[in-house]
Structure formats: C-alpha cells, structure tokens
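Below: one structure, written as structure tokens.
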Amino acid sequence: MPARKIIIDTDPGQDDAVAILLALACPDELEVLGLTCVAGNVPLELTAKNARIVCELAGRTDMKVFAGCDRPLGRDLVTAEHVHGKTGLDGPNLPDPTMPLADGHAVDFIIDQLREYAPGTITLCPLGPLTNIATALQKAPDIAKRVAKIVLMGGGYFEGGNITPTAEFNIYVDPQAADIVFRSGIPIVVMPLDVTHKALVTKPRNDAFRALNTPVGTAVAQMTDFFERYDKEKYGSAGAPLHDPCVTAYLLKPDLFSGRHINVEIETQSELTMGMTVADWWGVTDRAPNATFMGDIDADGFFALLTERLARL
C-alpha cells in the first residue's frame, strides 16, 4: 500500500505537536505533504513557529510549513494560553527554528495540492480551528469533490464543551468555518472530546515516553507534564487528554476507535451555545448523516501505538 497523502492543518499546541510527531514517525504509512498553520491555541506567528520547532525536533527540516489565516472568519480570535502557556509549547526547552516558512499562503497550498493530485488521494487533518479549510472551500469550491476525507479533532456531545459549557475550543474559535466544513459534503471523521477525554496521559504512560530516552521522547514527556496541570485541576482526572494525536492514530489504526455515522450541525447563532456540535447520536431527526462521530477509544492500544512509533524518531 502506498503511503496515504495528508495535509496537517494545525495550531500547535502540545497535543498538536505530538500528533505531528506521530505522523512524521510513520513515513511508510503517511506522506505528509505539508503543515498549514492557523491561529488558535496561540496567535498565528507562534503556531507557525511552533510547527517548525516540531519539524526540527523530528529531524524533518525539509517539511513545508505554511502560515495561514490569522483570525476567524467572522469573530475575534480566542486563544488558549491558559492551557498551553504563553508560547503554546511550554514545557520543554526547545530551540527556535532555523528552517524558514514556505513561501505562499496555507490556503493556496491546500488548494494547489488538491488540484495537483488525483481526486480522492489527499486526506485533510485539521487539529485546530477550521478557518484555513473553510477559506479554501470558499475560494475554490471545486476542491470539495477532490478531498478523500477530513479527519479532525473537534467538538463534543456527551462530554459537553471545554471552553464553554457546550462548545469545544477548536469549533468555538471559528464556528462559521466549522459550519462551512460540515456542510461541504466531504466525508468527515470527528474525534470529539467524548473520545479524547478517554486518552489520558497517566503517569505510567508519560513514564513510557520519557523512558524512550530520546530527544523526542523527553520533549513529549515534558509537554504532557506541562499540559496536564490544567486538565487535572479542571477535571480532577488522572492525566491530560491527548486530543490531537487521536487524528493521526485513526489514520494509522482506525480499529482503535468506534463511533456512528450521524448528522452533526454547528451552532452559529446563539451566544449561549455558540460553537456547539449538535450531534444527532440517537437519530431523532430526519437530517442526513454527514460525519462519522467517534464515541470510544482503546486507550491502551492508542498509547502503545504512540510510544512504539515515537521511538522511531
């Protein structure tokens, strides 16, 4: 089987960093065409910097990293330094990147790649707000039929929200963009909080990263050490959820996840529930299914995969 072509759209973020590292550790299975950066966890200048830091950590200075949209389509930017720290990658002491940003805009790169390759050969992997993806769909509607699949981290149903009572952060930052993506007709797989809150970095799991005794293993352990302080205090959980690596893990081993093909609508009108993913889990409406909404994960299998593959870097 040839490696699956993917574009990772990202706003690093410690968990984004781990998702990127996992993808870069598996070149026989995943061909990362490039990283496209968006404002989200921290402003665009920092997400574009952090993506290059992660590439250099993985020894991939050849990777194309593009800066994209610096604000949501119709709202002021909301960021999450309270979770990720002022740099977005607080925890490890990693050097500033020496590799440059690629020339051009992330949105144009997405469009160009989808037009260059045969339809159905590129999977888009958004790990942050969906601004870049929605902007590409608005600018070039023809690409919708060329996308193989979108596998994204975002939303929540049974778990509610993590930035408001009803909204998950990525969708809340740009609900208008999310609405465009979910109405696009592209096959979508969603990794919501319902799944990611079961992928907890407990102490034994973090010790396994550290025991790799590599720069990548040490950095990942330090990232999750920092990241988890917020979630343990907020949820009283045994560790931090590793949200974004669920996207990469699904591409590598989809059997780790289970869910349902259902209708998912995005709330864009009510300030009370803005950014809510209204998931028709029980099929109580006649709205057509538009997404595979995951509900469960084999967490032990997920962390075994993550540790084994990160050891390759």
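From a predicted model like this one, the values you see are computed outputs, not experimental measurements.
One distance of note links CZ of R183 with CG of L137; it measures 13.5 Å at 0.5 Å rounding. Atoms CD1 and CE, on I8 and M63 in that order, are 7.5 Å from each other to the nearest 0.5 Å. In this structure, CG in L130 is found 10.0 Å from CG in L124, a value given to the nearest 0.5 Å. Interatomic distance, OG1 of T123 versus CG of L33, reported as 10.0 Å (0.5 Å rounding). Rounding to the nearest 0.5 Å places CD of Q14 at 10.0 Å from CG of L242. In this structure, the separation between OG1 on T277 and CZ on F293 is 4.5 Å, given to the nearest 0.5 Å.
Contact between A39 and L44 at its shortest, heavy atoms only, is CB-N, 3.8 Å. Nearest heavy-atom pair, T87 versus N50, reported as atom, atom and distance to 0.1 Å: O-ND2, 2.8 Å. Here the closest heavy-atom approach between residue D11 and residue G128 is recorded as OD1-CA, 3.4 Å. When all heavy atoms of C246 and F257 are compared, the closest pair comes out as O-CZ, 3.5 Å. Nearest approach of A291 to V264, heavy atoms of both residues: CB-CG2, 4.1 Å. Residue L73 comes nearest to A134 through the heavy atom pair CD1-CB, 4.2 Å, listed as atom of the first residue, atom of the second, then distance.
Between the side chain of T224 and the backbone N or O of A221, at least one donor-acceptor pair lies under 3.5 Å. Between the side chain of S270 and the main chain of T273, a donor-acceptor pair closer than 3.5 Å is present. Side-chain N or O atoms of N170 include none that pairs as donor or acceptor with a backbone N or O of G154 at under 3.5 Å. D194 contributes no side-chain N or O that, together with a main-chain N or O of G156, makes up a donor-acceptor pair within less than 3.5 Å. Not a single donor-acceptor pair under 3.5 Å links the side chain of N132 to the backbone N or O of V107. The backbone N or O of T285 lies less than 3.5 Å from a partner atom in the side chain of D280, making a donor-acceptor pair. In this structure a side-chain-to-backbone donor-acceptor pair under 3.5 Å is present from N290 to F182. Of the possible polar contacts, none joining the N41 side chain to the G88 backbone as a donor-acceptor pair under 3.5 Å is found.
Ionic pairing of E31 and K5 is present here: one or more N-O contacts between side-chain nitrogen and carboxylate oxygen are shorter than 4.0 angstrom. A salt bridge links R205 and D300; the closest N-O separation between the charged side-chain nitrogens and carboxylate oxygens is under 4.0 Å.
In R210, the CZ atom is crowded: over 12 heavy atoms of neighbouring residues, nucleotides or ligands sit closer than 6.0 Å. Counting non-hydrogen atoms of neighbouring residues, nucleotides and ligands closer than 6.0 angstrom, the CG atom of D207 exceeds 12 such neighbours. Residue-environment remark: CD (E45) stays at or below the threshold of 12 foreign heavy atoms within 6.0 Å. Residue D62 qualifies as enclosed at atom CG: its count of foreign heavy atoms under 6.0 Å is above 12. In this structure, K198 places its NZ atom where more than 12 heavy-atom neighbours from other residues, nucleotides or ligands lie under 6.0 Å away.
For the pair T248/C125, no side-chain contact is recorded, criterion being any heavy-atom separation below 4.5 Å from C-beta on. The closest side-chain heavy-atom distance from L94 to E56 is not below 4.5 Å. Residues P97 and K49 form a side-chain contact, since some pair of their non-hydrogen atoms from C-beta on lies under 4.5 Å apart. Contact of the D9 side chain with the I110 side chain is registered, since non-hydrogen atoms from C-beta on lie closer than 4.5 Å. Considering only heavy atoms from C-beta on, M274 stays 4.5 Å or farther from T166 through its side chain. Two residues are said to be in side-chain contact when any heavy atoms from C-beta on lie closer than 4.5 Å; K139 and H105 fail this criterion. Residues P43 and E81 are in side-chain contact: their nearest non-hydrogen atoms beyond the backbone lie under 4.5 Å apart. Using a 4.5 Å cut-off on side-chain heavy atoms (C-beta onward), V83 and F169 make no contact.
Checked by atom type, the side-chain pair T268/D179 shows no donor-acceptor distance below 3.5 Å.
Clustering ILVMFWY residues whenever any of their side-chain heavy atoms sit less than 4.5 angstrom apart, transitively, puts L152 in a cluster other than the one holding L30. Cluster membership for M99 and F66, using ILVMFWY side-chain heavy atoms within less than 4.5 angstrom, is not shared. Under the 4.5 Å side-chain heavy-atom criterion for grouping Ile, Leu, Val, Met, Phe, Trp and Tyr, L256 is connected to L310 within one hydrophobic cluster. In this structure, L306 is a member of the same hydrophobic cluster as L57, with clusters built from ILVMFWY side-chain heavy atoms closer than 4.5 Å. Both I297 and L252 belong to a common hydrophobic cluster when Ile, Leu, Val, Met, Phe, Trp and Tyr are linked at side-chain heavy-atom distances under 4.5 angstrom.
Remark: of the listed residues H197, M191, E168, H197 is the sole one forming a side-chain contact (heavy atoms from CB on, under 4.5 Å) with H243.
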Test side-chain hydrogen bond (donor to acceptor under 3.5 Å, both in side chains) applied to D296 and S258, step by step | CA-CA 5 Å; D296 206 357; S258 60; 4.8 Å; no
Apply the test side-chain contact (heavy atoms from CB on, under 4.5 Å) to residues R146 and I122: give CA-CA distance (whole Å), side-chain angles for both, the deciding distance (0.1 Å), then the verdict.
-> CA-CA 8 Å; R146 305 183 71 87; I122 294 177; over 6 Å; no
Residues V247, L127; criterion side-chain contact (heavy atoms from CB on, under 4.5 Å); working and verdict = CA-CA 8 Å; V247 168; L127 309 178; 3.8 Å; yes
Go through the steps for T47 and V38 under the test side-chain contact (heavy atoms from CB on, under 4.5 Å), then give the verdict.
-> CA-CA 7 Å; T47 63; V38 67; 5.9 Å; no
Step-by-step side-chain contact (heavy atoms from CB on, under 4.5 Å) determination, H84 to D15 | CA-CA 9 Å; H84 298 279; D15 56 326; 3.5 Å; yes
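Legend: residues meeting salt bridge (Lys or Arg N to Asp or Glu O under 4.0 Å) with D142, ordered by chain and number and at least two apart, are R115. Scored by the ring-ring contact (aromatic ring centres under 6.0 Å, His included) test, Y172 finds no partners at all (sequence neighbours excluded).
Hydrophobic cluster membership for V42: L46 (Ile, Leu, Val, Met, Phe, Trp, Tyr linked by side-chain heavy atoms under 4.5 Å, directly or transitively).
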